[in-house]
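Sequence positions, counted from 1, serve as the residue numbers for this chain. One-based numbering, in listed order, for ligands and for the atoms of each.
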Amino acid sequence: MERVTMKRTYWTWHPFRISCLRFEAMASATCPHHVFSICPTASVSRIVCAMKLSRKRIFGLVWALGLMTLLVGGASFPALERHYMRQQAERDAVPLTLAVAGLRAALERYAPLPALIAERPRLATFLNHPDDTNLQASVNEDLRQTAATVKASDVYLMDISGRTLAAASYREAGSYLDRNFSYQSYFTQALNGDLSSFSIYGTTTGERGYFYAAPVEDGERIVGVLAIKFNIAAFESIWRGADSAFIVSDRNDFVFMSSRPDWHFRAIRPLSDATLRVIAQNLQYPIDRIDLLPITRTPLNADAQRVYIEGTPRESFVLTSQSLPDLDWTMASLTPTRPATLQALTTLLIAGLTMGLALAALLALLLRQARQAEAFAREQRSKRALEGAVAERTADLQTALSDLRRTQTDLIQAGKLSALGQMSAALSHEFNQPLAAVKSYADNADAFLERDQIVQARDNIGRISKMADRMATISTHLRNFARRPQQATGPLLLNAVIQDALAVIDMRLTTGNGVVEYTPPSDEIWVTGGHVRLQQVIVNLINNALDAMEEQANPVVRLTVNGTTVQVRDTGPGLAPEAIANIFDPFFTTKPPGKGLGLGLSISFNIVSDFGGTLSAENHSDGGAVFSVHLQPATPIKVAAQ
Ligand code: ADP
């Protein structure tokens with residue numbers, strides 16, 4: 001790409017640094033608005049120029065960027081929301097671990113209780129004598145007090161068939177007394193010697209219970225089972241204050257504990273028929289209350305999921321889970337996703353606002369650059385227009401100048417011809433006289449030849465030859481004088497020009513009155529000018545001087561050279577004051593029509609000016625006029641230029 005560096009310097013305020021920076025403007029063949037600079041905004045300027053960004057396009061670009069930001073923001077929202085949900089899941093891990101630890105601690109705290117109570121000898125005694133009503137009453141009361149002390153919801157004693165013989169709830173309606181729990185797994189386990197079996201049931205009372213059992217031994221023999229029931233709701237109540245909801249589910253994803261009562265006995269995934277059958281057989285859960293919790297999950301990481309729980313309203317949670325492998329349970333915390341969603345929205349809003357501000361700044365910057373580019377282009381256009389106008393005017397001026405030169409040359413020519421016209425009488429006399437002499441010499445020569453006077457005849461022929469030479473000389477001078485001058489100026493030998501001028505004037509002097517006094521300077525004087533034109537000026541001045549002294553008997557023109565100044569002085573009437581003011585104006589003449597055109601001095605003035613000299617006129621103190629030609633000195637050369 002061809003580039004032209006414009007020698008221009010732009011000073012501009014940098015938007016961030018208060019300093020002046022130099023902008024180098026570059027015009028190129030492809031983009032005349034290029035603005036390069038050494039400041040960081042240069043690249044922006046380059047883009048503005050390279051893309052030829054108009055204001056409309058800049059607005060379009062910024063709108064497009066804005067729209068793109070919105071689209072990108074919209075598209076990135078889900079990812080951002082997931083990011084914050086993952087963070088939420090990480091935060092939830094700690095309280096979940098604490099909750100798991102709390103649950104474990106609670107379960108383990110009560111585990112040794114049934115074995116301790118079962119060691120009471122009265123229990124074995126009673127089991128050996130189940131019909132002893134006094135003993136039964138005493139054991140019932142004993143168990144009631146124990147239950148109240150350990151805050152158990154029931155403590156009861158079963159024989160090996162599973163029938164309840166004594167219970168802390170003996171006074172209450174719906175007491176376990178006389179009921180058979182042989183089907184329950186804790187009973188079977190205890191009967192098999194497990195000292196701290198436990199499980200969860202909720203069938204009997206509809207209240208979910210947490211059961212521990214231990215065998216009652218009489219020596220080596222197991223005679224019954226002592227069971228303690230705790231109400232699960234007591235565990236759950238401590239979770240209620242937390243931000244998250246908690247659920248504890250068994251291996252079948254059946255929720256048996258939760259801080260949300262509406263999730264109790266809900267299955268997270270559809271239970272298989274086989275599972276349902278087992279539950280029904282064990283009478284573990286109230287089968288009619290088992291319901292599916294409509295939950296959809298999207299994984300966030302290994303331990304966390306985003307879950308939706310359908311309902312009115314539909315709820316969304318971050319689910320973080322921890323498994324309790326020894327119990328085959330899973331505990332999970334469910335934190336609403338709303339804070340994560342709000343956080344994602346806030347982040348997007350802040351990013352959007354920041355981007356908006358950046359776009360506004362970009363818009364301002366681009367508009368500023370576009371304005372500068374426009375201003376530069378405008379300046380360039382007006383500069384080109386100005387240059388065009390100047391070139392046009394210059395061309396006009398050149399034409400006018402060459403017209404003037406031509407006219408001037410024509411005038412010089414006219415002036416010379418006019419001078420020749422004025423001298424025509426003298427010229428005809430100049431030629432007629434020798435011609436008449438030639439005629440008489442020829443006649444004489446003829447007569448002498450007839451008389452065989454060869455010597456005389458030769459003398460006459462010699463005279464004729466001299467006359468012819470003289471006429472040839474006059475003719476050469478006239479031809480040179482009448483020739484169109486060359487425009488060139490150069491060094492001239494001043495005396496040579498004066499001699500040639502005197503030769504022309506000589507023709508007038510031989511026929512008319514008057515003399516020209518001239519003493520050539522002793523040194524060679526070189527001046528700047530054109531030979532024929534300077535000769536014409538001098539002839540003109542001498543002619544005028546002779547004209548002014550026409551009335552005088554013996555007019556004398558004094559021609560002097562002083563340095564590079566030539567002076568022509570006469571003893572005529574001098575110059576009238578009004579003549580001095582206008583003497584160099586074209587067509588100013590005091591001579592009668594036919595005698596003068598009023599061009600001689602005007603032409604002479606211009607000729608001398610062309611040589612870089614001046615022509616002036618004044619009256620001499622002794623009378624008469626003095627014309628001075630001041631010329632520029634020139635370096636001598638061997639052959640004088642014309
Ligand atoms: P022209 O001789 O055709 O009139 P010029 O331009 O040569 O034109 O002269 C202009 C006038 O200047 C003359 O008519 C005359 O009045 C005056 N002038 C020129 N030379 C002299 C002089 N030596 N003395 C007095 N008047 C002069």
Matching residue for T571 among Q552, H620, R558 - test: side chain to side chain donor-acceptor pair (under 3.5 Å)
Q552
If we only count N/O pairs under 3.5 Å, is N540 in contact with ligand 1?
no
Which is closest to atom 26 (N) of ligand 1 by heavy-atom distance: I542, L575, V568, N543?
L575
Output yes when the distance from some N or O of ligand 1 to some N or O of I583 is under 3.5 Å, and no in every other case.
no
Numbering as shown, the atoms of ligand 1 that approach T589 to under 4.0 Å (heavy-atom distance):
1 (P), 4 (O), 14 (O)
Just go through D547, N582, T590 and tell me whose heavy atom is the nearest to atom 15 (C) of ligand 1.
T590
Could you tell me whether ligand 1 has any atom less than 4.0 Å away from a heavy atom of F627?
yes
Between D547 and R508, does at least one N-O distance fall below 4.0 Å, as a salt bridge requires?
yes
Would you say N444 and K439 are linked by a side-chain donor-acceptor pair, where the criterion is simply a distance under 3.5 Å?
no
Is there a heavy atom in P573 that sits closer than 4.0 Å to ligand 1?
no
Residues 67-83, side-chain donor-acceptor partners within the protein, below 3.5 Å, at least two apart:
unit_1	atom_1	unit_2	atom_2	d
T69	OG1	L65	O	2.6
S76	OG	V72	O	2.9
S76	OG	G73	O	3.1
E81	OE1	R306	NH1	3.3
E81	OE2	T341	OG1	2.7
R82	NH2	P299	O	3.2
H83	NE2	Q87	NE2	3.3

Inter- and intrachain pairs under ring-ring contact (aromatic ring centres under 6.0 Å, His included), touching residues 555-585, at least two apart
F584-F605
Tell me which part of D570 gets within contact of ligand 1: side chain, backbone, both or neither, using heavy atoms under 4.0 Å.
side chain
For a quick check under 3.5 Å, do Y441 and D446 share a side-chain donor-acceptor pair by atom type?
no
